[in-house]
Amino acid sequence: MAGSGTGRESKPGTTTTRRRLLAAAGAATTVGLAGCLGGRDGAVPAPAVTDDRIEEDWRLVDETSGTILETEVGPITVRALEHTTIHEHVGMAEAIAETFEAEGSPVVFFATRVDLRPGVDRLPLGIGRDRVMSQVRTAADDAFRSQLRDAGLEDVERTGESTIEVETGHEATQYTYRGSFPLSTEIEAPGGTTQPVSGSVEMEGRVAVWHDGTDVLLAGGAYPVERVTAAMNEALPERAPDADTLIENETLAADPTAFEEDVGALIVAVE
């Protein structure tokens, strides 16, 4: 199986970044974690990931910081500031680029720190709290779906909600999503020609949101729930060799639970 990868832009557009970061603020307020925010001056620190695998198997592809929301509530201006880092799995990104006509990696991870100034619970007599909450809450679900689509996923749908405990001991609300990652390549056909083959890999995404006593933290990512080679087998012509024969990259034949475990370990290691 042969194909050519294309380069990728490491910096998303302004609109995409704003949608993604509004998701951070929105998801945080959805679970009611914004009440104690607003005690910091200056820049928002980057979220830290304490698990060593973030340095071993992943690479930073984007980092953003700044004001993501500003709204007037009576005489008070409420601002939401953030710092976000986005990583992709190096092995999967390189395997996809070498084998398929696709950009980036279907295995991604992000972490965001959000600071609301002042905290919405500090507004006089609660003036405008519902309005502020409504503005950011409305954007949350659509924004995270947009982030997954930016990573190349299609048909993204939210599928569940649960609670988990992160390594700092805080309880987080976790949302899960499902989607697919399209892939295409060419195989040799009779007569010395080639034949295009297109398929898709079933994907899962999840994002966790919690309050650490000072800030709201978000961490999430996406990973396949089936082997890439198994997914491509379904798209191959009846008499073609199977994908394990055509694809010589071990990463694409790897057990997908390894990527799920990586993302899960990184999520709980954010602080």
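Keep in mind that this is a model prediction, so the values were computed, not measured. Only heavy atoms go into these numbers, but all of them, side chains included; no hydrogens, no water, no symmetry mates.
- When all heavy atoms of Leu81 and Gly42 are compared, the closest pair comes out as CD2-O, 4.4 Å.
- Side chains of His83 and Pro45 form no contact here, defined as non-hydrogen atoms less than 4.5 Å apart.
- Annotation for Ala95 and Thr251: closest pair CB-CB, 4.1 Å, computed over non-hydrogen atoms.
- Considering only residues two or more places apart in sequence or on other chains, Phe259 meets the ring pair (Phe, Tyr, Trp, His ring centres under 6.0 Å) condition with His89.
- To the nearest 0.5 Å, atoms OG (Ser105) and OH (Tyr223) are separated by 14.0 Å.
- Using a 4.5 Å cut-off on side-chain heavy atoms (C-beta onward), His87 and Ile54 make contact.
- Partners of Thr168 according to the side chain to side chain contact (heavy atoms under 4.5 Å, CB included) rule, which considers only residues two or more places apart in sequence or in another chain, are Val166, His170, Trp210, Glu271.
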Using side-chain contact (heavy atoms from CB on, under 4.5 Å), reason through Leu217 and Thr112 one step at a time and then give a plain yes or no.
CA-CA 6 Å; Leu217 293 169; Thr112 298; over 6 Å; no
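- Sequence neighbours left out, the pairs with a member in residues 42-52 that pass salt bridge (charged side-chain N to carboxylate O under 4.0 Å, His left out) are Asp51-Arg53.
- Of all non-hydrogen atoms in Val107 and Pro224, the two that sit nearest each other are CG2-CD, 3.6 Å.
- Residues satisfying the side chain to side chain contact (heavy atoms under 4.5 Å, CB included) criterion with Asp255, sequence neighbours excluded, are Arg227, Thr257.
- Looking only at distances, no side-chain donor or acceptor of Thr84 sits under 3.5 Å from a matching main-chain atom of Glu63.
- Every residue two or more places apart in sequence or in another chain that forms a salt bridge (Lys or Arg N to Asp or Glu O under 4.0 Å) with Asp212 is listed here: Arg113.
- Applying the salt bridge (Lys or Arg N to Asp or Glu O under 4.0 Å) test to Glu94 and every residue at least two apart in sequence or in another chain returns Arg59.
- Between Val228 and Phe181, every side-chain heavy-atom pair lies at or beyond the 4.5 Å cut-off.
- Checking Ser180 against Ser200 by side-chain atom types alone, no donor-acceptor pair falls below 3.5 Å.
- Follow the hydrophobic side-chain contacts under 4.5 Å out from Leu266 and you reach Val225 in the same cluster.
- Below 30°, between 30° and 60°, or above 60°: for Phe109 and Trp58 the angle between ring planes is above 60°, a perpendicular geometry.
- Residues passing the salt bridge (Lys or Arg N to Asp or Glu O under 4.0 Å) test with Glu154: none are found, sequence neighbours excluded.
- Atom CD of residue Glu56 and atom CG of residue Asp262 lie 9.5 Å apart, to the nearest 0.5 angstrom.
- A search for side-chain hydrogen bond (donor to acceptor under 3.5 Å, both in side chains) contacts involving Glu157 returns Arg145, not counting sequence neighbours.
- In this structure, a donor-acceptor pair under 3.5 Å is absent between the side chains of Thr163 and Thr173.
- Under the side chain to side chain contact (heavy atoms under 4.5 Å, CB included) criterion, Ile164 pairs with Ala172, Gln174, Ala208, Ile267, Val268, not counting sequence neighbours.
- Not a single salt bridge (Lys or Arg N to Asp or Glu O under 4.0 Å) links Glu55 to another residue, sequence neighbours left out.
- Note that CZ of Phe110 is 12.5 Å distant from CG of Asp62, once rounded to the nearest 0.5 Å.
- Partners of Ser162 according to the side-chain hydrogen bond (donor to acceptor under 3.5 Å, both in side chains) rule, which considers only residues two or more places apart in sequence or in another chain, do not exist here.
- Rounding to the nearest 0.5 angstrom, the gap separating the CG atom in Leu252 from the CD1 atom in Ile96 is 5.5 Å.
- Atoms CZ and CG, on Arg178 and Leu153 in that order, are 11.0 Å from each other to the nearest 0.5 Å.
- Here the straight-line distance linking atom CD of Glu82 with atom CG of Leu218 works out to 10.5 Å at 0.5 Å rounding.
- Partners of Glu165 under the side chain to side chain contact (heavy atoms under 4.5 Å, CB included) rule, at least two apart in sequence or in another chain, do not exist in this structure.
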